[in-house]
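Within every chain, numbering begins at 1; the chains are lettered A, B, ... in the order of the sequence lines, protein sequences first and strands thereafter.
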Amino acid sequence: MEETIFKGLMIASLTLVLTALAGMILIMLIKGAPALTLSMIMETPRGGYYLGKEGGIANAIVGSLYLSFGASIIAFLLSLPMAFALQKDYSGRQFARFTRLVLDVLWGVPSIVYGAFGFVVMVYFGIRASLLGGIIVLTLLMLPIMVRSMDEVIRMIPAELKEVSIALGATKLETTFAVIFRQGLPGIVTAVLLAFGRGIGDAASILFTAGYTDYIPRSLYDPVASLPLAVFFQIGTPIPEVQGRAYASALILLFIVLIVCVASRLLARRFSRKIIR
Amino acid sequence: MPHISLRNLTITYGDLEVLKGVTADIPDRQVTTIIGPSGCGKTTLLKSLNRLLDLNEDARLYGEILMDGINTYGQNTDILALRKTVGFLSQRPYPLPMSIYDNVAFGPRIHKLSRYEILNQIASVEKHGLLAQCSVENLFQMDMKKKNVEMDILVECYLRLSGLWDEVKDRLHGSAAQLSVGQQQRLALARTLAVGPEVILADEPTSALDPLSSQLIERQIKILKNLYTIVVVTHILRQARRIADHVIFLYMGELVEDGPADQFFDSPKDDRTRAYIKGTIS
Amino acid sequence: MQWRYAKDWCASVSIRSSLILVNLIAFIIVFVLFMKAEPILRIQSLGHLLFSSSWHPLKGQFGFLSFIVGTLEVTAIAMVLSIPVSLLSAIYLSEYAHKYFKGLVRLMLDILAGIPSVIYGLCGVIAIVPFVHSLGGFFGNPTTGYSLLAGGIILAIMVTPVIISVSMEVLAAIPDEARTSSLALGTTRWETVRYVVLKGSLRGIIAAIVLGFSRAFGETIAVLMVVGNVAKIPTSLFDPAYPLPALIANNYGEMMSIPLYDSALLFAALVLLVLVGAFGLVANITLSRLTKKGYYFS
């Protein structure tokens, strides 16, 4: 009896959660799809993003891609050695444990704190809100996500596999890159995509540091538009055309995040064919 | 002259003494089996021979291991070269996360063996008639201008030498992870041989395998002893009887008895050896 | 040969030192925020900053109480809404659901967790705010809809996937032997879940909830978009509120023009960092002990 009631409640709860997901996607489709035209994707806004009725969101799409690709590449280059360094081949157990904890806490730090920190540092160095500033802050945001996700995967690799390579006369470095890296590749790809998805969707961290503009940036020191901020700023106007741009931006952003989520699973499966379990 | 000599070898993990002053010789180009109950230090002894033990930070080693008269734990030992000379076959096969071909080519590539060195290495294997079915002459007539042709030859040679070639020749570039465990172990053997070692250490190489695969590995070991010094750790007495030329019996970290296999099995000198062979202690 | 040793040595040293960089970054973040918040701490006591509600930056009065209360209330509402739903879902998925269904739901939860907060905010503006508006009308509480409740609902949806997936990990860490031996004693499935599985994983589930809480605590954009942003202590669910992250996000523009304003805002950032850090630390330590695995925010 009790079991039946609870089971009913459980199924109801799960349905509620899944309905929320379906509902959100549905709302985005209904609102965003009509606004999503070719010119929306291809053009930059005319007459100011906040007031101008003409033009599209190319500035935000390109800007977001610049920001998150830039940050992902830098974060990847930094986090790969860090993830290796957390393993016991390179660091003492206590220090690694401590650093893992630090990274876990950093992972949870609200992105607005990263934004405020980045802003202070940029003011100190005299950098204006720019592509460079946005990339730096997003890199900081992505770093703990990438390092810890890679670390979890690399940690699961059996020690015997390393031994095989060492026994053949490979150095630690050669073992790390020729064997550990390849064995962990599916997980590493997933980690990068996870961080990329987080980075491209984050608004609070780049609010102060990347700025917003109608144009596509020409240098690292230009301010840059981004999809999350395109939604955030443009939804606030009373002009329906501008709101349409916000909906379209949101739909594109959602689309990118969905693609990244699915792609990470498919790629991980593809890359895992050659690894042993 | 013995190939490897252990001189008063003592190994400790922290306070635990795993090996206690072992002195023994391992003869050249014979199969030496190290037997004894589990936990008696067999694997530790084996791993100290190519300094895989260095990976374990807690392990301390006293005494000497002489290889061709030179202490491998000396100041100037080139560890990478030592590991190239002393190959290691682990209990369970762990194929590297790459194709079958790349698994075999992995060692030669990291050691950056030149074409000359590779061909020389193959020629010395061929000299012993171990590649009869392989007709190396044909291989040597291959188009030498082709890139990496020597690596192709090497891969084929060693896969034949480990008795795997016929099963995998059509899928050399397929994943090694998709082979059966028995095939993987023979691939591991080929991978070990490919760097051109003089000594092969095998740590219970058949313990993860089915009887048929085990038989194949044993057969390969018997063939290979003409060319290599082979040290096999096993806890299966019958296996030791089948393949051993020379036996080292360890009990609780001590060397109890060592000597030629016939003498060891037929007229053991120590009571513990007798008891172990009879099966009263394990 | 020598060359390979040298390369290995160099790589080892640089790989090792990269870990120092990580810790350095964490230290610098805390240090910079502290240095910037320090001027305001020198002028006003910590107690006054945290427990006064008079917020008049132009007069130099920075009392954070209404923002702190706003943050706590919006988070509390989210947790009240989310905890039962999350836990029931997690139990169903880990104890009753079929493997394939579990995998499918996992994917959906990952997607839900990955949706950017600005989209949550947008959906809130489109759907939740009007809903709360009419709900307020129904209860005789005229409201714009931009309110504590709207913020709470959005946050609840955001943290639910986090709590569910962490709880599922915790439940999965209970060994199957515990379940089978309980079932073998003749208990029903539900009794096993209730007396064996849930009892054994209580600490882990609490840690999962703490993780969700700290995630909700620092959420900025989504809340900012629906919560109304009025610097007053809210008295009902339908009143607007003004959480700390929203305060920082909304005022960075004026930050430099009013004296001490930047210091006050960075103090707020520091408070967020310290609180979320402390929650995260506790939860992570608990979880890493329980699941024998590193743990992190999902």
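Counting non-hydrogen atoms of neighbouring residues, nucleotides and ligands closer than 6.0 angstrom, the OH atom of A:Y66 reaches no more than 12 such neighbours. When the shell of 6.0 Å around OH of B:Y13 is examined, it contains more than 12 heavy atoms from other residues, nucleotides or ligands. Environment of CZ in B:R171: crowded, with over 12 heavy atoms of neighbouring residues, nucleotides or ligands closer than 6.0 Å. Counting heavy atoms of neighbouring residues, nucleotides and ligands inside a 6.0 Å radius, atom NZ of A:K7 does not exceed 12 of them.
Pairs engaging residues 75-88 of chain A under the side chain to side chain donor-acceptor pair (under 3.5 Å) rule: A:Q87-A:D151 [sequence neighbours left out].
Of all heavy-atom pairs spanning B:P95 and A:L161, the tightest one is O-CD1, 3.5 Å.
Between atom CG of residue B:L80 and atom CD1 of residue A:I166 there is a gap of 8.5 Å, rounded to the nearest 0.5 Å. Atom NZ in B:K84 sits 11.0 Å away from atom CG in A:L168 (nearest 0.5 Å). Interatomic distance, A:E163 CD to B:Y94 OH, rounded to the nearest 0.5 Å: 9.5 Å.
Residue B:E57 touches chain A through its side chain alone, counting heavy-atom pairs closer than 4.5 Å. For a residue to count as touching a neighbouring chain, one of its non-hydrogen atoms must lie under 4.5 Å from one of that chain's; by this rule A:V179 touches chain B with backbone and side chain alike. Using a 4.5 Å cut-off between heavy atoms, B:L55 touches chain A through its side chain atoms alone. At a 4.5 Å heavy-atom cutoff, the contact between B:R191 and chain A is made by backbone and side-chain atoms alike.
Residues A:R182 and B:M98 have side chains in contact (heavy-atom distance under 4.5 Å, counting atoms from C-beta outward).
Take A:F76 and apply the ring-ring contact (aromatic ring centres under 6.0 Å, His included) test, not counting sequence neighbours, and it matches no residue. Remark: A:F95 engages no residue in a ring-ring contact (aromatic ring centres under 6.0 Å, His included) (not counting sequence neighbours).
Annotation: residues 169-178 of chain A contacts chain B through A:G169, A:A170, A:T171, A:E174, A:A178 [non-hydrogen atoms, separation under 4.5 Å].
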